[in-house]
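One structure is given below, encoded as structure tokens.
Each chain gets a letter, A, B and so on, in the order the sequences are listed, and its residues count up from 1.
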2 protein chains.
Amino acid sequence: MANQPPLQFSLDRSSPVPLYYQLSQQLEAAIEQGGLAPGSLLGNEIDLAARLGLSRPTVRQAIQSLVDKGLLVRRRGVGTQVLHSQVKRPLELSSLYDDLEAAGQQPATRVLHHGTEAAAAGVAAALGVPEGTEVLRIERLRLAHGEPMAHLCNHLPVGLLDAGPARLEETGLYRLIRAAGITLHSARQTIGARAATAEEGERLAEPEGAPLLTMERTTYDDTGRAVEYGSHVYRASRYSFEFQLLVRS
Amino acid sequence: MANQPPLQFSLDRSSPVPLYYQLSQQLEAAIEQGGLAPGSLLGNEIDLAARLGLSRPTVRQAIQSLVDKGLLVRRRGVGTQVLHSQVKRPLELSSLYDDLEAAGQQPATRVLHHGTEAAAAGVAAALGVPEGTEVLRIERLRLAHGEPMAHLCNHLPVGLLDAGPARLEETGLYRLIRAAGITLHSARQTIGARAATAEEGERLAEPEGAPLLTMERTTYDDTGRAVEYGSHVYRASRYSFEFQLLVRS
DNA sequence: CGCCGTTATATGTCCGGACAACCTGACCTA
DNA sequence: TAGGTCAGGTTGTCCGGACATATAACGGCG
């Protein structure tokens with residue numbers, strides 16, 4: 001009940017943007033801005049298609065993309081419902097830099113090391129290259145509001161990135177990788193914790209033995225090639241991982 | 001080049017299982033078992049559809065589901081490629097019990113507390129109920145090979161689960177929730193670390209001040225209702241979170 | 001020999017229709 | 001009243017086709 005007013009959608013058939021995408025974006029905006037109340041039905045697909053002058057498959061494709069995002073739920077024989085949201089980010093391949101920036105934390109980077117070296121066994125295995133292959137090692141200290149937040153050590157195949165330390169101090173590593181024309185596809189992560197060594201404590205302004213969050217991550221591009229292996233250490237007192245995840249049904 | 005032998009697929013039109021699903025499952029099996037080599041092309045959709053006696057949309061739907069799983073990559077004008085895999089679990093709503101069981105760790109549970117109480121502010125907010133509402137609090141110690149692994153504290157709305165402590169010692173909480181007819185949909189998690197208090201250390205057989213991994217999680221069902229709020233503490237020396245994630249393009 | 005346009009090929013998008021499976025609520029019956 | 005039955009409505013699945021667009025390979029031109 002309580003059918004919303006029909007809601008206006010503007011579709012531009014001359015645009016190169018696919019119609020289903022135009023529709024899904026406008027639907028998403030309507031949901032986020034409350035134009036579509038949580039729990040309310042979306043109205044059946046046939047009518048919606050007719051009203052918009054689209055075919056049902058197109059409308060379905062738009063709806064399906066929002067279902068995949070976790071914003072809508074389909075119930076056979078009932079209808080499509082707007083979920084009482086809470087879902088925001090179904091977990092993206094996030095960059096610490098972007099996270100901090102989005103939180104208004106004024107991120108900064110200090111490059112501690114930047115050079116090539118022969119890959120040790122662990123790094124070689126993670127990157128899928130023979131042991132001893134030349135790889136680029138980058139070590140950075142990430143700051144927020146001038147305070148150290150994390151120590152980041154990354155290994156990349158040589159030649160993948162041509163950005164020098166200067167570029168690395170301006171932005172995040174992922175942004176540079178993407179800017180190099182690489183499309184990130186997936187990553188394998190391990191999150192753990194351990195006590196800080198004396199050296200780590202000094203670097204991060206924590207006492208020796210303080211709890212630290214650790215993350216190891218290998219990132220792959222869309223050909224399945226490993227493009228980056230990172231070993232990061234965060235101050236547990238200042239940082240935690242927060243994310244949302246959907247059940248794959 | 002190096003086109004695979006046509007590969008056999010058996011489709012049963014009389015089965016209640018959708019055709020696209022039958023196909024996607026057989027494709028996935030072929031990929032996992034090496035019948036389809038990584039990096040090889042899948043052959044164009046039109047021919048594949050004709051060979052199988054299916055329509056292109058049906059074949060596309062099967063392929064698309066594997067693309068969403070991260071097993072295949074589509075390239076316009078080129079073809080569909082099998083990804084050099086590495087992707088296994090795009091991160092599911094995992095249960096510690098299931099994880100341990102899958103790893104052959106002989107999980108066991110000791111129920112420390114099981115009863116209802118008035119919800120404190122934090123719990124009420126997480127579950128989306130008024131402060132002071134009666135909720136069920138469960139505290140458990142999770143063991144592997146007889147050694148403590150984690151301390152689990154969960155809060156649930158009353159009446160959602162009718163399982164007593166006995167059932168809880170036999171299996172995981174998620175399995176019981178699902179068995180109660182609830183379809184889990186999404187969860188919001190925060191993973192952090194901190195030093196063990198004296199009491200925590202005693203419970204988990206760790207010295208005071210030892211690093212502990214913490215996870216807080218609120219789980220929602222497919223109506224958007226919060227069904228569980230958990231506050232877990234893991235021994236960092238014995239456990240870490242490992243998962244894979246895909247980039248949503 | 002190298003550059004550039006053409007062409008073949010593959011996926012991306014969109015249409016219109018058909019039937020099946022499922023849920024809900026109203027109606028009828030015991 | 002309580003129960004089952006039936007009809008309507010909605011999504012799920014599947015079909016066949018059409019055109020657009022991106023990519024790569026081929027071939028011709030300078």
Write down the distance between [atom1] ([X]) and [atom2] ([N]), rounded to a whole number of angstrom.
X	N	atom1	atom2	value
B:Leu41	C:dA10	CG	C1'	9 Å
A:Arg60	D:dC14	CZ	C1'	11 Å
B:Asp47	C:dA10	CG	P	7 Å
A:Asp12	C:dT13	CG	C1'	15 Å
A:Arg75	D:dT10	CZ	C1'	13 Å
B:Ile46	C:dG12	CD1	P	12 Å
A:Gln64	C:dT13	CD	C1'	17 Å
B:Arg76	C:dT11	CZ	C1'	7 Å

Checklist line | Options C:dT13, C:dG12, D:dT13, nucleotide nearest the side-chain atoms of A:Gln61 | finding: C:dT13
Checklist line | N or O in side chain of A:Thr80 less than 4.0 angstrom from D:dT11 OP1/OP2 | finding: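 Looking at the OP1 and OP2 atoms of D:dT11, one of them is under 4.0 Å from a side-chain N or O of A:Thr80.
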Check: Do any side-chain nitrogens or oxygens of B:Tyr20 fall under 4.0 Å of OP1 or OP2 in D:dT13?
Finding: yes
Nucleotides 5-9 of chain C: which of its N/O atoms have a protein N/O under 3.5 Å away?
none

Checklist line | Note, A:Thr219 side chain near A:Arg217 side chain (heavy atom, < 4.5 Å) | finding: yes
How about [X] and [Y]: does a side-chain donor come under 3.5 Å of a side-chain acceptor?
X	Y	answer
B:Thr109	B:Arg140	no
B:Gln61	B:Tyr21	no
A:Tyr174	A:Glu228	yes
A:Gln64	A:Arg74	yes

Item checked: Pair B:Thr183-B:Asp222, side-chain hydrogen bond (donor to acceptor under 3.5 Å, both in side chains): steps then yes or no -> CA-CA 6 Å; B:Thr183 54; B:Asp222 57 1; 2.6 Å; yes
Next item on the list: Would you mind telling me which residue lines up with the more 5' stretch of DNA chain D, A:Glu45 or A:Pro16, judged by nearest nucleotide?
Entry: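 Mapping each residue to its closest nucleotide by heavy atoms, the 5'-most match is A:Glu45.
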Give me the distances for all protein-to-nucleotides 15-18 of chain D N/O pairs that come in under 3.5 Å?
| from | atom 1 | to | atom 2 | distance (Å) |
| --- | --- | --- | --- | --- |
| D:dC15 | OP1 | B:Arg13 | NH2 | 2.6 |
| D:dC15 | OP2 | B:Ser55 | N | 3.1 |
| D:dC15 | OP2 | B:Ser55 | OG | 2.9 |
| D:dC15 | OP2 | B:Thr58 | OG1 | 2.4 |

Item checked: Test: B:Lys69 and B:Glu28 ion pair at under 4.0 Å ->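 Looking at B:Lys69 and B:Glu28, the cut-off is met.
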Next item on the list: Before accepting this row, confirm whether a basic side-chain N of the pair A:Arg175/A:Glu101 lies closer than 4.0 Å to the acidic partner's carboxylate O.
Entry: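 Result for this pair is yes, salt bridge flagged.
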Check: Are A:Glu216 and A:Ser231 close enough, and set up right, to give a side-chain hydrogen bond (donor to acceptor under 3.5 Å, both in side chains), and what steps lead you there?
Finding: CA-CA 5 Å; A:Glu216 291 188 37; A:Ser231 184; 4.8 Å; no
